[in-house]
Protein chains: 2
Amino acid sequence: MTSPAPLPPLKRSTLGDDVYSSLRSAVLEHTLPPGDRVNIDALARELDVSPTPVREALARLESEGLVRKRPLAGYTVSPLLTRAEFADMFDMRLLLECAAARWAASRATEAQRAELVTESARIIAPGDDRAWHAEFTALDAHLHDLVAQAATSPLLRDSINRLHAHLHLHRRYFPYSQTAVTNEEHRAIAAAVQAGDPDTAESAMRLHLTRARERHLVAFDE
Amino acid sequence: MTSPAPLPPLKRSTLGDDVYSSLRSAVLEHTLPPGDRVNIDALARELDVSPTPVREALARLESEGLVRKRPLAGYTVSPLLTRAEFADMFDMRLLLECAAARWAASRATEAQRAELVTESARIIAPGDDRAWHAEFTALDAHLHDLVAQAATSPLLRDSINRLHAHLHLHRRYFPYSQTAVTNEEHRAIAAAVQAGDPDTAESAMRLHLTRARERHLVAFDE
DNA sequence: CCAGGAAAGATCCTATAGGATCTACGAAGC
DNA sequence: GCTTCGTAGATCCTATAGGATCTTTCCTGG
């Protein structure tokens, strides 16, 4: 009698993987600023590895759209989204995340519903500094991932996560502060998923994303 | 007075990019069979390059899900989809491609609409051999990409193309032969896009995909 | 002062070599 | 006969070196 999966999946890793994680974080946190050129040798020295695994990590990041490659001229960090690209991203979010909310409401496990409710009830102690904003952003990303995960569709979750990488990139430049409203919208989504009501969950998500789009779009009017 | 983009974007490429294209084709055409181990050195010799660019290409393919990596133990070609994964993929196709059809109907240029109609009217001379089936599959992929492109959303098109890679992988193993019906469904979609009717375009796509799913799913009942 | 061109420097890309790890095969023990 | 262990071979991963390309700077000419 063998147990299904009692052992953690055993996470070994190669240098290339570690460099990948490090670089991905650096891009998302703007340690590597958008638009900047990426010097492979300099990065290798900085991380104390050879250029080979750095190059491998960059190849993966390019496939995710976080960096861009110009043959024989090196990599650059992807620039911030234009207004049109940002609008396109929110069209996609509306498409994917509304479906995720719907499916989560009908397919999530009890544990997933409970966690969603718990996490959406968390309140980040309000403040006005950078650290607080980073924490709030992280919570938001976590909540949306919980919904994507609860939808029980690996492909959907993966697609949503790709979008959120670019959203995160944008957010660090243009923070907004209406967090109270955002929290309320999150709780509405969680409640609908908890209740197992697909229609309500979807419309709650749609309302949330529509408003979020408006909150973000003002950043382009300057 | 500067012209918008009269010059082709100048396609230089590095060895890593060429290896990537070659390997991608090899995986999609099952020259590298699903599930098989990928010997980096052997591939390098086969392509007459060093292992370095091969490794870079594999890193990108892994990000697309076409190969899988086990640290310190090499890469394997992704296995064929299970029934559950296949069903998930079609759920995603319904979500993404129906939206693509809708947007294409309202946003496509005249040239795009015309090309869609023209291409959907093409008839692949019927036969029963492998070459004919490959040609039919290629046409189908091309048509769906035309719709995705006409939707004028780079993110949506990219997501759809990722799905189609896995669809293509599956198709080569389980061909089906009801091409006459498929052609008819394609023409219905094209007509709706041409007419600029989003609702009809979406429902035509939905009907097409729903039927296609049924045509494919029988492959799992053996 | 500005445009055009050439050379020097920096950077990228690929190949090769060596250490580390995994896999497969065969022998020893129960 | 089956399991366990150890070794040999194959394979992977990383570092380094050198050729090729791009970028920047400086100089010349107008």
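Every chain is numbered from 1, with letters handed out A, B, ... down the list of sequences.
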Nearest-Å distance for atom pair [atom1]/[atom2], residues [X] and [N]:
| X | N | atom1 | atom2 | answer |
| --- | --- | --- | --- | --- |
| A/E56 | C/dT14 | CD | C1' | 15 Å |
| A/R12 | C/dT21 | CZ | P | 7 Å |
| A/L43 | D/dA15 | CG | P | 14 Å |
| A/D41 | D/dA15 | CG | P | 13 Å |
| A/K69 | C/dC13 | NZ | C1' | 9 Å |
| B/I40 | D/dC12 | CD1 | P | 5 Å |
| A/D17 | D/dC12 | CG | P | 15 Å |
| B/D48 | C/dT16 | CG | C1' | 15 Å |

Q | Position toward the 5' end of DNA chain D (nearest nucleotide), B/R45 or A/P51 | A |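 Per heavy-atom nearest nucleotide, the more 5' residue is B/R45.
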
Comparing B/R55 with A/A73, nearest DNA chain D nucleotide closer to 5' gives the residue B/R55

> For residues B/H208 and B/H186, is any side-chain donor paired with an opposing acceptor at under 3.5 Å?
Replying inline: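 Indeed, the side chains of B/H208 and B/H186 share at least one donor-acceptor pair under 3.5 Å.
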
Would B/H168 and B/H30 count as having a side-chain donor-acceptor pair, cut-off 3.5 Å?
no

Nucleotide nearest [X] (side chain, heavy atoms from C-beta), chosen from [options]:
| X | options | value |
| --- | --- | --- |
| A/L72 | D/dT21, D/dC12, D/dC13 | D/dT21 |
| A/N39 | C/dT14, C/dC12, D/dC12 | C/dC12 |
| B/S50 | C/dC22, C/dT11, C/dA15 | C/dA15 |
| B/Y75 | D/dC13, D/dT16, C/dT11 | D/dC13 |

Handout entry: NZ/NE/NH1/NH2 to OD/OE distance under 4.0 Å, B/E56 and A/K69
Key =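 Yes, B/E56 and A/K69 are salt-bridged.
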
* To do: Give a yes or no on whether the ring-centroid distance for B/H164 and B/H142 is below 6.0 angstrom.
  =>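 Ring centroids of B/H164 and B/H142 are no less than 6.0 Å from each other.
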
inquiry  = Can you work out whether B/S13 or A/R37 has the more 5'-proximal nearest nucleotide on DNA chain C?
reply    =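 It is A/R37 whose nearest nucleotide is closer to the 5' end.
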
task = Give one of base, sugar-phosphate or nothing for B/V38, where a contact means two heavy atoms less than 4.0 Å apart.
result = sugar-phosphate

| request: Mind checking B/T52 for me? I need base, sugar-phosphate or nothing, with any heavy atom below 4.0 Å counting as a touch. | output: base

- Angle class for the A/H216/A/H170 ring planes (parallel below 30°, perpendicular above 60°, tilted otherwise)?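 It falls in the perpendicular class, over 60°.
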
